[in-house]
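Working notes for the structure below.
In each ligand, atom 1 is the first atom listed, and ligand 1 is the first ligand listed. Index from 1, following the sequence.
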Amino acid sequence: MQSQRELCSFPIAPSHKSKLTSAGFLITEDLKHLKPSELSKETGIGLEECLEILKLVCSESVDGSKRNEAPKPAVSALERLKEEQSLPPIITFSEGLDNMLGGGVPLCKITEFCGAPGVGKTQMCMQIAVDVQIPSQFGGLQGEAVYIDTEGSFIVERLVDIAKATVDHCNEMARLEGFKEGEITVESVLSGVHFYRCHDYVELLATVHLLPEFIKKHPKIKVVLVDSVAFHFRHDFDDLSLRTRLLTTMAQSFIKLATEFKIAIVLTNQMTTKFSPGEDSRLVPALGESWGHASTIRVILYWEGQKRWAWLYKSPSKKESRVPYQITMGGVRDIVTFPADNSNDQSDDEPSSKRQKVS
Ligand code: ATP
Ligand code: MG
């Protein structure tokens with residue numbers, strides 16, 4: 001941060017400039033180490049505006065380099081491709097889903113799972129938070145996860161079930177391959193999930209704002225999950241232009257985190273009904289079309305008949321496709337059907353009232 005730069009030289013709204021001046025904040029040094037809530041209390045400026053002001057005035061980028069330093073030298077497209085290919089994706093416990101995504105949930109990108117209530121978005125997030133910790137000897141990333149819960153739907157007992165199944169699977173593989181067992185335990189998995197509960201959009205924005213520092217301190221983090229990104233922005237907002245601005249800023253923060261720390265960002269989103277003149281109403285991902293550009297990969301989860309399906313709706317490199325999946329006691333899995341045996345379909349039944357078809 002350039003500590004002596006006058007705050008009036010920043011593109012801050014005049015009304016906020018005068019509030020900052022009246023409260024005695026004149027140069028960037030004065031805002032150093034202040035939290036958005038403290039600045040808001042001192043100046044009477046709204047919390048989210050304070051967050052924006054601190055972001056603007058604080059010149060440190062997420063990797064700790066200064067904005068005023070010379071830009072990094074360009075890298076060739078080939079180097080970029082090689083770098084991306086050298087980063088293994090997060091394998092899930094559904095081979096069909098992994099294949100559809102090109103190997104798993106990719107690092108350096110934003111993947112969004114959209115779907116109606118009960119279809120499996122939270123289960124998918126928990127599965128990924130566990131899978132990212134699979135030891136490298138089994139082809140995993142041996143990483144850790146940040147889990148941001150905006151809805152209060154994170155149930156730690158459910159994470160324990162999924163962790164147990166994953167640990168058992170790894171131990172079984174270790175026995176077969178002659179590796180040491182116990183490289184991953186339920187306790188190690190639970191310790192590797194850094195959990196945040198955000199009760200409103202201000203808490204969510206503040207948490208995302210603080211993630212670069214947190215990830216620097218926990219370099220094993222390979223995925224940030226937000227379940228769901230839509231919740232607070234669908235219910236707390238009347239001012240749609242403010243909502244769009246905040247969502248755009250948050251999307252930029254996610255892109256920066258993904259690329260600078262080489263981690264996966266996994267978001268969930270709800271579905272909403274879209275009415276277009278002359279067309280039947282249909283279910284589409286919430287938060288509007290501009291938010292649709294935020295994610296690199298978009299997967300829509302939906303019910304059809306007795307089965308849950310994952311539909312790769314948007315991807316920069318893979319063609320649109322669909323795979324069925326199921327949720328078992330152990331987590332998200334492929335549907336394995338044997339001739340004349342469809343018992344798997346029945347093990348994953350859901351009240352028909354919850355099933356909604358996506359058109
Ligand atoms: P919402 O939008 O309401 O948050 P969601 O898409 O996040 O919904 P999830 O909570 O991920 O939905 O999925 C809930 C479904 O997962 C349950 O309805 C159930 O079918 C399945 N499920 C949860 N726990 C288990 C389990 N232990 N065994 C089998 N299926 C389970
Ligand atoms: Mg959920």
Item to check | Mode of Thr268 contact toward ligand 1 - side chain, backbone, both, neither (heavy atoms, under 4.0 Å) | outcome: neither
Checklist outcome for this item: For Arg308, the atoms of ligand 1 under 4.0 Å from one of its heavy atoms are 19 (C), 20 (O), 21 (C)
Item to check | Check: Gly118 N/O within less than 3.5 Å of ligand 1 N/O | outcome: yes
Checklist entry - Strictly under 2.8 Å, is any N, O or S atom of Thr122 next to the Mg ion (ligand 2)? => result yes
Item to check | Test item, Gln270 contacting ligand 1 (heavy atom, 4.0 angstrom) | outcome: no
Item to check | Under 3.5 Å donor-acceptor, Glu279 side chain and Phe275 backbone | outcome: no
Next on the checklist: Give the atom numbers and elements of ligand 1 that come within less than 4.0 Å of a heavy atom of Thr328.
Outcome noted: 28 (N), 29 (C)
Checklist entry - Going by the order shown, which atoms of ligand 1 are within less than 4.0 Å of some heavy atom of Ala116? => result 6 (O)
Checklist entry - So Asp161 and Lys164, salt bridge (Lys or Arg N to Asp or Glu O under 4.0 Å) or not? Walk me through it. => result CA-CA 5 Å; Asp161 287 344; Lys164 265 187 193 149; 5.2 Å; no
Item to check | Aromatic contact, Phe214 with Tyr196 (centres under 6.0 Å) | outcome: yes
Checklist outcome for this item: Quick note on ligand 1: atoms under 4.0 Å from a heavy atom of Glu151 include exactly 4 (O)
Next on the checklist: Quick check on Ser228 - does any of its heavy atoms sit under 4.0 Å from an atom of ligand 1?
Outcome noted: no
Checklist entry - Do Asp161 and ligand 1 have an N or O pair less than 3.5 Å apart? => result no
Next on the checklist: Closer than 4.0 Å to some heavy atom of Ile327 - which atoms of ligand 1 meet that?
Outcome noted: 16 (O), 21 (C), 22 (N), 29 (C), 30 (N), 31 (C)
Checklist entry - So is Gly120 in contact with ligand 1, going by heavy-atom distances below 4.0 Å? => result yes
